[in-house]
Amino acid sequence: MTNIKKTTLVRMIDELLRNNLIKESGFEETSIGRPPILYDVEQESNFIIGIHISRMKTNVVLVDLRYNQIDQESFAMTSIHTPEFVIRKVENIIQRFMEMFDIDEEKLLGIGIVTTGPLNRDDGIILKPESLLEANWGNVNIVKMIQEKFPVRVILEKSSNAAATAEYHAANSVHKNILYCISGGWGMDCGIIMNGEILQENYVSTNGYGHMIIDVDGNLCSCGKRGCIVAYTSFKGILNELNKVKGLVGNMNDELFQKASLNDMMEYFLQGDKITEDVIIRSSQYLGIGLSNLINLFNPDLVILNGPFIYDYKDYFIKVIEYTKKNIQKEKEVKFTQGKLKENAAAVGSAILIFDSYFRD
């Protein structure tokens with residue numbers, strides 16, 4: 001059902017038909033009156049680019065109007081990957097997609113870009129992300145830079161919001177309220193779908209969910225406060241905890257940590273001893289407490305967990321669910337999953353948000 005007026009809906013359908021974005025696909029069976037016309041998307045008439053920029057890598061996907069992935073290319077992010085360098089590589093990938101699949105600018109509906117916050121969505125600016133490795137990613141007007149090469153619709157969004165949107169569609173919108181949590185690595189953030197819509201923060205957030213305080217006298221966080229979730233669940237938080245109990249294997253100092261890749265850090269932890277494993281598993285308790293707070297507040301029916309420990313560390317996902325369930329209100333029925341799209345969710349979600357943006361202007 002929709003709340004759009006019938007006359008407005010007719011105009012929208014006519015415009016979509018004129019622009020070859022949808023087609024008639026038959027009639028709905030009915031025993032009363034004239035059968036309604038059914039419409040379907042012209043999935044290969046137009047295409048969308050999705051871009052996910054994270055500390056580990058930049059992922060670029062090409063999707064059709066059913067959000068099927070046509071092609072994909074990614075590259076690792078390092079300390080030399082400046083905004084200019086990354087944008088130039090992304091532009092080359094997009095150009096290759098367009099040439100390979102014979103896509104001109106009229107067939108390119110838009111380009112969605114997602115990354116970690118904080119962001120100025122309205123002006124298309126990456127403000128000062130905590131997790132990106134190269135230092136010059138502050139105040140980058142990435143939307144303007146991309147549009148200089150490709151004069152199409154371009155939007156900027158938080159990666160967790162885009163990932164939640166993609167999983168919402170992948171589940172065929174069965175779950176109307178979704179909590180999507182990206183945890184571990186260099187921070188934590190959440191995307192929240194309520195009644196089928198992204199819950200947008202009304203403030204500039206520096207991955208604010210990760211700085212939810214769960215222990216007022218707890219570990220010191222990078223933000224200067226004590227007891228934040230990331231002070232226990234991030235790579236840095238776990239390294240600090242290991243330092244307390246035994247001293248670090250290999251004596252990884254701050255400079256080495258800042259330059260480390262996701263694969264470096266996971267290999268470091270996976271080769272650890274029983275004490276390392278215990279510290280990591282114990283961090284799942286803090287993540288579970290934080291998640292239970294969010295579940296009690298937002299009442300999702302589906303919780304999707306994403307992150308290196310969730311995917312690659314034995315029993316971590318199970319323990320997070322166990323600790324979460326201990327602290328949520330007993331009447332709540334929540335499904336927990338690692339999602340269908342996993343690491344491609346954010347990039348695909350950014351493409352979906354481009355398509356949705358045509359119906360919000």
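- Here the shortest heavy-atom pairing between Y180 and A164 reads CB-CB, 3.7 Å.
- In this structure, the separation between NZ on K274 and CG on D278 is 3.5 Å, given to the nearest 0.5 Å.
- In this structure, CZ on F235 lies 8.5 Å from CD1 on I280, to the nearest 0.5 angstrom.
- Minimum heavy-atom separation, I275 to V245: CG2-CG2, 3.8 Å.
- In this model, a donor atom of one side chain and an acceptor atom of the other lie less than 3.5 Å apart for N306 and Y311.
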Between I94 and I51, does a side-chain contact (heavy atoms from CB on, under 4.5 Å) hold up when you go through it step by step? CA-CA 10 Å; I94 295 173; I51 303 167; 4.2 Å; yes
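- In this structure, CG in D104 is found 12.5 Å from CD in E99, a value given to the nearest 0.5 Å.
- Criterion: ILVMFWY side-chain heavy atoms under 4.5 Å apart, direct or through other members. Under it, L297 and I214 are part of a common hydrophobic cluster.
- Checking each of I192, L291, I295, I193 against P300 for a side chain to side chain contact (heavy atoms under 4.5 Å, CB included) leaves exactly one that passes, namely I295.
- Put simply, the side chain of P83 reaches to within 4.5 Å of the side chain of W137, judged on heavy atoms.
- Using a 4.5 Å cut-off on side-chain heavy atoms (C-beta onward), R153 and S357 make contact.
- In this structure, the ring-ring contact (aromatic ring centres under 6.0 Å, His included) partners of Y286, at least two apart in sequence or on a different chain, are Y232.
- Not a single side-chain hydrogen bond (donor to acceptor under 3.5 Å, both in side chains) links E91 to another residue, sequence neighbours left out.
- Taking hydrophobic clusters as Ile, Leu, Val, Met, Phe, Trp and Tyr residues chained together by side-chain heavy-atom distances below 4.5 Å, M100 shares a cluster with F47.
- Atom CG of D64 and atom CD1 of I70 lie 4.5 Å apart (nearest 0.5 Å).
- For the pair G191 and N161, the tightest heavy-atom approach, listed with the atom from each and the gap, is CA-OD1, 3.4 Å.
- Smallest separation of non-hydrogen atoms from N59 and V61: ND2-CG1, 4.0 Å.
- When hydrophobic clusters are built by joining Ile, Leu, Val, Met, Phe, Trp and Tyr residues whose side-chain heavy atoms come closer than 4.5 Å, directly or via intermediates, L239 is not grouped with L220.
- Two residues are said to be in side-chain contact when any heavy atoms from C-beta on lie closer than 4.5 Å; F97 and V60 meet this criterion.
- Residues satisfying the side chain to side chain contact (heavy atoms under 4.5 Å, CB included) test with S159, not counting sequence neighbours, are H52, V114, I182, A346.
- Between the R226 side chain and the G218 main chain, a donor and an acceptor come within less than 3.5 Å of each other.
- Under the salt bridge (charged side-chain N to carboxylate O under 4.0 Å, His left out) criterion, the residue pairs touching residues 336-347 are K57-E343, with sequence neighbours excluded.
- Contact of the V86 side chain with the F75 side chain is registered, since non-hydrogen atoms from C-beta on lie closer than 4.5 Å.
- Taking F85 as the reference, H81 meet the ring-ring contact (aromatic ring centres under 6.0 Å, His included) condition, with sequence neighbours excluded.
- Taking hydrophobic clusters as Ile, Leu, Val, Met, Phe, Trp and Tyr residues chained together by side-chain heavy-atom distances below 4.5 Å, I321 does not share a cluster with I318.
- Two rings, from F309 and F269, have their centers less than 6.0 Å apart.
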Return a table of donor-acceptor pairs under 3.5 angstrom between the side chains of residues 138-150 and protein atoms on other chains or two or more places apart.
unit_1, atom_1, unit_2, atom_2, d
N141, OD1, K144, N, 3.3
Q147, NE2, V152, O, 3.0

Give the C-alpha distance, both sets of side-chain angles, the deciding distance and a yes or no for side-chain contact (heavy atoms from CB on, under 4.5 Å) between L305 and S183. CA-CA 7 Å; L305 302 179; S183 178; over 6 Å; no
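- Sequence neighbours left out, the pairs with a member in residues 295-304 that pass side-chain hydrogen bond (donor to acceptor under 3.5 Å, both in side chains) are H175-D301, N299-K332.
- Considering only residues two or more places apart in sequence or on other chains, R96 meets the side-chain hydrogen bond (donor to acceptor under 3.5 Å, both in side chains) condition with E73.
- Here the side chain of K335 pairs no donor or acceptor atom with the backbone of I304 at under 3.5 angstrom.
- Contact between C190 and L179 at its shortest, heavy atoms only, is CB-CD1, 3.9 Å.
- For the pair M188 and S160, the minimum side-chain heavy-atom distance is 4.5 Å or more.
- Residue pairs meeting the salt bridge (charged side-chain N to carboxylate O under 4.0 Å, His left out) criterion with at least one member in residues 210-225: none, sequence neighbours excluded.
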Intermediate values then yes/no, side-chain contact (heavy atoms from CB on, under 4.5 Å), I93 and T58: CA-CA 11 Å; I93 292 170; T58 290; over 6 Å; no
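- Contact annotation: the side chain of S350 never approaches that of E157 to less than 4.5 Å [non-hydrogen atoms, C-beta and beyond].
- Note that CG of N293 is 10.5 Å distant from CZ of F298, once rounded to the nearest 0.5 Å.
- Sorted by first and then second residue, the salt bridge (charged side-chain N to carboxylate O under 4.0 Å, His left out) pairs involving residues 305-317 (not counting sequence neighbours) form an empty list.
- Applying the side-chain hydrogen bond (donor to acceptor under 3.5 Å, both in side chains) rule to pairs touching residues 316-328 yields S283-Y316, sequence neighbours excluded.
- Judged as a ring pair (Phe, Tyr, Trp, His ring centres under 6.0 Å), the pairs with a partner in residues 152-172 (not counting sequence neighbours) are, in order, Y67-H169.
- N177 pairs with exactly one of V303, V334, N195 by the side chain to side chain contact (heavy atoms under 4.5 Å, CB included) rule, that one being N195.
- Counting only heavy atoms from C-beta outward, the side chains of L287 and C181 approach each other to under 4.5 Å.
- A donor-acceptor pair under 3.5 Å is absent between the side-chain atoms of N172 and the main chain of V174, judged by distance alone.
- When the side chains of ILVMFWY residues are joined at heavy-atom separations under 4.5 Å, either directly or via intervening members, I328 and M194 end up in a single hydrophobic cluster.
- Interatomic distance, Y268 OH to L242 CG, rounded to the nearest 0.5 Å: 7.0 Å.
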Should T337 and E167 be marked as a side-chain contact (heavy atoms from CB on, under 4.5 Å) after you check the CA-CA gap, both sets of side-chain angles, and the distance that decides it? CA-CA 11 Å; T337 176; E167 293 288 357; over 6 Å; no
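- Counting all heavy atoms, side chain and backbone alike, G210 lies closest to C228 at O-CB, 3.8 Å.
- Heavy atoms from other residues, nucleotides or ligands lying under 6.0 Å from CD of E105 number more than 12.
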